[in-house]
Amino acid sequence: MQGRLSGQVAVITGGASGIGAACARRFAAEGADIVIADLDRSRAADVIDAVDAAGRRAAFVATDTSSEADNLAMAAEAMATFGRIDCLVAAAGIASADYVSGGEPEQGGAAGRPVMSQPLADWERVLAVNLTGVMLTNRAIAACMMQGGNGGAIVNIASSAAAIPLRGGADYCVSKAGVWMLTKVLALELVGHGIRVNAIGPGFIETPMTAVMRSDPAGEAAMKRMTPMRRLGQPEEIASTALFLVSEDSSYLTGQLLFPNGGMFVG
Ligand code: NAP
């Protein structure tokens, strides 16, 4: 059976965990070969197995997306392995400067990092991964798409926090608002090459990034209180949105940010 991404190659940063991993699984099920660009190969084993089980090829490329050299090397390796890149999901991200997947709280609340007392190095670290890193990945992959001459589709994982100010989360909110604007500017700059650039602003999603908040009943209740559907989203629900944005179903959409967030009003 033909999938919606049959014959395509997708690069997914942060593809070893959470939202990126769900995108890798879903895109492979739809017929795409997958390049997983993430920090730690050992955390990608399950996703690679899932891509194999779907009958597609997976390549893991160790990549720190905040490094331009790593992004360029990753793009070159993807081209050398598969010969083309059709779509990108830029999902690599951190909740805070000291965030380790599943190991640290998503400090988006009042107890987070007030601007007045945050060490500059922590601010710069969040911006380096969440904003500069997304820009570096976008341009490394877009260059390959331009070279291929077949257009392409880029999806950047921002956050509803791009539009909702969170006390104690200025670094995260600003990085995601930056990704939103980057998406709009790049959409204009790349439209002539047939490359569409869109973004997703998830609400609270059940991934390692929210694990510590979910483990505290008060944290879980706070996330549900902010969400009109009164539940957290599943990473697969973000992968569905990403699939829509890379597929022909969204062929007239570029420069947009979609908010799968259970009904939170984002203005
Ligand atoms: P996650 O499970 O922690 O996944 C993030 C992935 O990114 C991890 O595999 C992590 O690797 C990788 N990563 C971190 N820094 C990297 C770097 N410099 N270079 C390459 N890879 C890096 O969290 P998630 O919830 O799926 O988050 C995915 C994206 O969604 C993030 O951009 C996040 O801000 C955004 N988002 C999440 C939520 C939510 O509620 N979960 C809501 C809105 C937006 P390691 O594990 O090895 O560190």
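These numbers come from a predicted model, not from an experiment. As a basis for the values below, the full set of heavy atoms in this structure was taken, side chains included, without hydrogen atoms, waters or symmetry mates. Nothing fancy with the numbering, it's 1 onward along the sequence. Just so you know, ligand 1 is whichever comes first in the structure, and atom 1 is the first atom listed for that ligand.
- For ligand 1 and D64, the ligand atoms under 4.0 Å from any heavy atom of the residue are 17 (C), 18 (N), 19 (N).
- Using modelled atom types and a 3.5 Å distance limit, the side chains of D70 and T63 yield no donor-acceptor pair.
- D171 and R125 are not joined by a salt bridge, as no carboxylate oxygen comes within less than 4.0 angstrom of a charged side-chain nitrogen.
- Counting the atoms of ligand 1 from 1 in the order shown, those under 4.0 Å from a heavy atom of Y172 are 33 (C), 34 (O), 35 (C), 36 (N), 43 (C), 44 (C).
- In terms of heavy atoms, V246 sits closest to F27 at CG2-CZ, 3.8 Å.
- Taking distance alone, with nitrogen or oxygen atoms compared against 3.5 Å, S66 stays at or beyond that limit from ligand 1.
- Not counting sequence neighbours, N150 has no partner by the side chain to side chain donor-acceptor pair (under 3.5 Å) test.
- Considering backbone and side-chain atoms together, N130 places no N or O closer than 3.5 Å to any N or O of ligand 1.
- Residue contacts with ligand 1 for P235 are absent, since no atom lies close enough (heavy atoms, distance under 4.0 Å).
- Ligand 1 has an N or O atom lying under 3.5 Å from an N or O atom of I205, backbone or side chain.
- Of the listed residues (R214, R43, M209, M213), the one carrying the non-hydrogen atom nearest atom 33 (C) of ligand 1 is M209.
- Looking at A91, G93, S17 and measuring to atom 14 (C) of ligand 1, the nearest heavy atom belongs to G93.
- Within ligand 1, counting atoms from 1 as listed, the ones closer than 4.0 Å to a heavy atom of F204 are 40 (O).
- Transitive grouping of hydrophobic side chains (ILVMFWY, heavy atoms separated by less than 4.5 Å) keeps W123 and Y172 in distinct clusters.
- In this structure the side chain of I19 reaches within 4.5 angstrom of the side chain of P202, judged on heavy atoms.
- By the 4.0 Å heavy-atom criterion, A95 is excluded from the residues contacting ligand 1.
- An N or O contact shorter than 3.5 Å is missing between G20 and ligand 1 by distance.
- The cationic group of K184 lies under 6.0 Å from the six-membered ring centre of W180 and within 45° of the ring axis, placing it in a cation-pi geometry.
- An N or O contact shorter than 3.5 Å links D38 to ligand 1 by distance.
- T13 does not count as a contact of ligand 1, since none of its heavy atoms falls under 4.0 Å from the ligand.
- Residues Y99 and V126 are not in side-chain contact: their nearest non-hydrogen atoms beyond the backbone lie 4.5 Å or more apart.
- Contacts of T65 with ligand 1, taken as heavy-atom pairs under 4.0 Å, involve both backbone and side chain.
- Not a single heavy atom of A21 sits closer than 4.0 Å to an atom of ligand 1.
- Considering backbone and side-chain N/O of D40, none are found under 3.5 Å from N/O of ligand 1.
- The shortest side-chain heavy-atom distance between I200 and P260 falls under the 4.5 Å cut-off.
- If you number the atoms of ligand 1 from 1 as listed, the ones under 4.0 Å from a heavy atom of I19 come out as 26 (O), 30 (O), 37 (C).
- Following chains of ILVMFWY side-chain contacts shorter than 4.5 Å, one cannot reach V129 starting from M135, and the two form parts of different hydrophobic clusters.
- Among V89, D70, T63, the residue whose heavy atom sits closest to atom 20 (C) of ligand 1 is T63.
- For the pair R43 and D38, the salt-bridge criterion is not met [side-chain N within less than 4.0 Å of a carboxylate O].
- Between R139 and E189 no salt bridge is recorded (no basic side-chain N to carboxylate O distance below 4.0 Å).
- Proximity of K176 to ligand 1, defined as any heavy-atom pair under 4.0 Å, is confined to the side chain (atoms from C-beta onward).
- Residue S160 has no nitrogen or oxygen atom sitting less than 3.5 Å from a nitrogen or oxygen atom of ligand 1, judged on distance alone.
- Of all the heavy atoms of T210, the ones lying under 4.0 Å from any atom of ligand 1 belong exclusively to the side chain.
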